[in-house]
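Heads up: numbering here begins at 1 and tracks the sequence. Just so you know, ligand 1 is whichever comes first in the structure, and atom 1 is the first atom listed for that ligand. Note that the structure is a prediction, hence the values are computed from the model and not measured.
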Amino acid sequence: MECVVQGIIETQHVEALEILLQGLCGVERKSLKVHELCLKSGPNLGSEASEVRLLCDLEQPEPAWTVRHVGGSMRGAGADQISVLVRNMVESKISKNVLKLFYLLGYKLDHEHLRVGFAFHFQRRGAQITVTVSSVSKMLKLHATEDTVPVTPGIQMVEVTAPASAENYSEVAAAVSAFCEYLAPLLHLSKPGNATGVVPTAAAAAASLMSYGGTS
Ligand SMILES: *[C@@H]1O[C@H](CO)[C@@H](O)[C@H](O)[C@H]1NC(C)=O
Ligand SMILES: *[C@@H]1O[C@H](CO)[C@@H](O)[C@H](O)[C@H]1NC(C)=O
């Protein structure tokens with residue numbers, strides 16, 4: 001399982017967010033460049049509709065592929081009370097020929113994206129938190145990662161995730177929520193599918209972070 005929240009930020013405030021994250025996490029950022037292929041199948045006779053994502057990490061010397069399946073999210077009163085989404089997720093390293101295999105299995109390419117930005121990986125209260133900040137582009141031609149246009153110009157996606165289990169998800173969710181509080185002046189993070197837009201305090205918070213960063 002994983003805990004996840006998402007938000008958006010204007011590109012002009014991303015540098016301030018990076019300074020804030022750097023200060024909070026105490027680790028170096030990692031560059032992020034990922035080619036994402038979303039595949040869908042069915043519903044066919046005897047099989048339910050299914051969606052998988054193939055992710056190709058283009059930052060590695062040799063492109064490294066991962067397959068990711070996001071399953072159902074936790075429901076019920078307990079799930080409603082926490083401000084992060086807890087969902088099933090399976091991720092596995094795969095060989096690069098796997099796209100053909102998924103086509104043979106009846107999957108079709110639904111859409112593909114290029115995600116470029118940076119990530120921070122760190123520990124908080126025992127939780128292994130990953131924060132990614134990225135701009136998402138679509139490809140003008142099939143698989144042409146060097147020929148893209150932004151999906152939401154001027155806006156970047158922020159995602160905070162942490163692995164969890166049925167035993168520890170409430171602690172992990174609490175650690176993620178507590179961390180998100182620090183980012184609140186710059187962006188609002190909420191459960192995926194509940195986009196809340198940019199926050200009105202972002203410009204002022206960014207300005208103060210930038211001047212602090214410049215004089216320290
Ligand atoms: C919760 O469980 C997951 C999966 O076993 C593990 O990766 C993570 O480190 C655990 N987190 C905490 C805070 O115990
Ligand atoms: C989305 O956010 C609003 C405002 O924070 C909240 O009232 C609503 O319940 C949320 N919806 C979901 C599906 O989480």
Exercise. Side chains of Ile129 and Thr161: closer than 4.5 Å at any heavy-atom pair?
Worked result: no
Problem set entry | Winner among Arg124, Glu2, Gln128 once heavy atoms are compared against atom 9 (O) of ligand 1 |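 Going through Arg124, Glu2, Gln128 one by one, Gln128 has the nearest heavy atom to atom 9 (O) of ligand 1.
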Problem set entry | From Lys40 atom NZ to Cys38 atom SG, the distance as rounded to the nearest 0.5 Å | 5.5 Å
Problem set entry | Parallel, tilted or perpendicular, as decided by the 30° and 60° cut-offs, for the rings of Phe118 and Phe120 | perpendicular
For this session: Kindly assign one of parallel, tilted or perpendicular to the pair Phe102 and Tyr107, based on the angle between their ring planes and the thresholds 30° and 60°.
Result: perpendicular
For this session: Taking only heavy atoms of Val172 into account, list the atoms of ligand 1 that are under 4.0 Å away from them.
Result: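 Contacts of ligand 1 toward Val172, numbered from 1: 11 (N), 13 (C).
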Seminar exercise, completed: For Gly126, the atoms of ligand 1 under 4.0 Å from one of its heavy atoms are 11 (N), 12 (C), 13 (C)
Problem set entry | Under 3.5 Å: N/O of Asn168 near N/O of ligand 1 | yes
Exercise. Would one find more than 12 heavy atoms of other residues, nucleotides or ligands at under 6.0 Å from atom CD of Gln123?
Worked result: yes
Exercise. Where is the nearest protein heavy atom to atom 5 (O) of ligand 1: which residue, which atom, and how far?
Worked result: Ser165 CB, 4.0 Å
